[in-house]
2 protein chains.
Amino acid sequence: MSPNSTGPLLTPDQQDTWFAYMRVSLRLGYEMNRQLQTDSDLSLPDFDVLNALADSPDGRLQLTGLATRLAWERSRLSHHLQRMSARGLVERSPSVTDRRATEAVLTDAGRAALTAATPGHAELVRRMFFDGLDPALLPALRTALEQVHEQVLTHGTLPRPGRPQRRLPGLEPTG
Amino acid sequence: MSPNSTGPLLTPDQQDTWFAYMRVSLRLGYEMNRQLQTDSDLSLPDFDVLNALADSPDGRLQLTGLATRLAWERSRLSHHLQRMSARGLVERSPSVTDRRATEAVLTDAGRAALTAATPGHAELVRRMFFDGLDPALLPALRTALEQVHEQVLTHGTLPRPGRPQRRLPGLEPTG
DNA sequence: GGAAGATACATGACATGTCACCCAACTCGA
DNA sequence: TCGAGTTGGGTGACATGTCATGTATCTTCC
């Protein structure tokens, strides 16, 4: 992430915006990490995993889906879940529909840890992100971010999250 | 980084904005990393270091300042520079003004690697970030990000980057 | 000028993440 | 229905990042 010389491919306005984005992104990441580590015994990655599970039905999610959602490598997730399950925050359970697949399941302890950590995190986000922000800019900011998100989904290398993307035969451009 | 249940401390609008931000941040980080690794032999952290040095006078920066600018732990920087200097991308040189201090200096090879990697990176940024963005939103986005950045600087734990912050005696609130 | 504390950085042990590769289960077409 | 190719996930070696601590230098204040 680099607030610097992106060359002539971007207009000056775009460059400035990009640098502002990168600075925010770097600092914010640092601060979130720090706050979680000191106030709970979760790392930011832990927190992200717990959150993703918590807002899935039954607190369970298949590994590939989880990895995509987090924009993680699958091997990273595999290792990370090993550590988290050793701490009792999640469990692995084999999928019933696909015998290759594994699902990560939130345990009670995991849910509790998440609940405990959330207020502090939210407080930090409010203080760092929203308290200095002119409320009049909020809608535009949100729309802009959503547009960028859509763009990254469309042109990025990661699959879209959500449904298993199972393509049934003969249904391509149904017209 | 977690697009989820931040609790009642944020308004629904703020929550949506925050989740959009986090999704973008995760994906974008992933894609930038990936692009750099495949198209150059730099990692994103490498690239950031080179960039920071490249836009400093003489391509040199004292380690603490560099660490602050990157929002890195200093020990991380120390290790990382060791590896980068082993690859010939940077050099360490002792500071003349402060014998405790070390400065990181961009080598010719480092500058060359940066130059080679930059266009591809910029291209990715344009494609992922700006191509899907309504230009009318750009000014608001930029202002919003700058406001957030200022906020993080003011209320975060990292010092402001830039000058050495040397406070001379008796000059506090000069009034 | 000299001790107490702060600051700059390095280092080693350990935690975390990546990469290349593995196998098992699934899919699809011949 | 069987075999090639794909997909889901695990694993071990290695790269990277963090934390606690160490040493030297600088600053402050008496």
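Source: prediction; values computed, not measured. In what follows, every chain begins at residue 1, and chains take the letters A, B, ... in the order their sequences are listed.
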- Message: Does dC26(D) have OP1 or OP2 under 4.0 Å away from a side-chain N or O of Arg99(B)?
- Response: yes

- Query: Could a donor-acceptor pair under 3.5 angstrom be found where the side chain of Ser78(B) meets the base of dC9(C)?
  - Reply: no

- Task: With heavy atoms under 4.0 Å as the rule, sort Arg76(A) into base, sugar-phosphate or nothing.
- Result: base

- Task: Look at Asp46(A) together with Arg87(A) and state whether they make a salt bridge at an N to O cut-off of under 4.0 Å.
- Result: yes

- May I ask you to say what Thr64(A) touches in the nucleic acid, namely base, sugar-phosphate or nothing, with a heavy-atom cut-off under 4.0 Å? sugar-phosphate

- Message: Starting the side chain at C-beta, find the nucleotide from dG10(D), dT18(D), dA10(C) nearest to Leu63(B).
- Response: dA10(C)

- Query: What's the CG-P distance between Leu70(A) and dT18(C), to the nearest Å?
  - Reply: 12 Å

- Message: Using the side-chain heavy atoms of Pro45(A), tell me which of these nucleotides is nearest: dA8(C), dG17(C), dT11(C).
- Response: dG17(C)

- Message: What is the separation between atom CG on Leu42(B) and atom C1' on dT16(D), rounded to the nearest whole Å?
- Response: 15 Å

- Task: Would you tell me if any nitrogen or oxygen in the side chain of Arg92(B) comes within less than 4.0 Å of OP1 or OP2 on dC9(C)?
- Result: no

- Select base, sugar-phosphate, or nothing to describe what Arg34(A) touches, counting heavy atoms under 4.0 Å on all strands. nothing

- Can you find an N or O donor on one side and an acceptor on the other, under 3.5 Å apart, linking the side chain of Ser75(A) with the base of dC19(C)? yes

- Note on the structure: Asp46(A) atom CG is separated from dT18(D) atom C1', nearest whole Å, by 14 Å

- Query: dT18(C), dT11(C), dG9(D): which one has an atom nearest the side-chain heavy atoms of Arg74(A)?
  - Reply: dG9(D)

- Length of the line joining Leu61(B):CG and dC9(C):C1', which is rounded to integer Å: 15 Å

- Note on the structure: Rounded to whole Å, the CE-P distance (Met32(A) to dT18(D)) equals 14 Å

- Rounded to the nearest angstrom, tell me the gap between atom CD in Gln82(A) and atom P in dT16(C). 12 Å

- Query: Can you check the Glu73(A) CD to dT16(D) P distance for me, whole Å?
  - Reply: 14 Å

- Ion pair check, Arg27(B) and Glu31(B), cut-off under 4.0 Å: no

- Item | Which nucleotide in dC9(C), dG8(D), dC26(C) has an atom nearest any side-chain atom of Ala101(B) | dC9(C)

- Between CD on residue Glu146(B) and CD on residue Gln151(B), distance to nearest 0.5 Å: 14.0 Å

- Message: Ignoring hydrogens and geometry beyond distance, is the side chain of Arg100(B) in donor-acceptor contact with the base of dT7(C) at under 3.5 Å?
- Response: yes

- Out of dT11(C), dA10(C), dA25(C), which nucleotide sits closest to the side chain of Asp98(A)? dA25(C)

- Message: If the threshold is 4.0 Å, N to carboxylate O, is there a salt bridge linking Arg34(A) and Asp39(A)?
- Response: no

- Item | Closest-nucleotide ordering on DNA chain D, the 5'-leading residue of Arg83(B) and Gln37(A) | Arg83(B)

- Query: Is there a donor and acceptor pair, one atom on the side chain of His79(B) and one on the base of dT11(C), closer than 3.5 Å?
  - Reply: no

- State whether Arg60(A) and Asp58(A) are salt-bridged, where the test is any N-O pair (Lys NZ or Arg NE/NH1/NH2 against Asp/Glu carboxylate O) under 4.0 Å. no

- Message: Taking the minimum atom-to-atom distance to the side chain of Gln62(B), which one of dC9(C), dG10(D), dT18(C) wins?
- Response: dC9(C)

- Query: Tell me: CH2 of Trp72(B) to C1' of dA8(C), nearest whole Å?
  - Reply: 18 Å

- Message: At 4.0 Å (heavy atoms only), tell me whether Glu103(B) reaches a base, stays on the sugar-phosphate, or touches nothing.
- Response: nothing

- Query: Between Arg69(A) and Asp55(A), is the closest basic N to carboxylate O distance under 4.0 Å?
  - Reply: yes

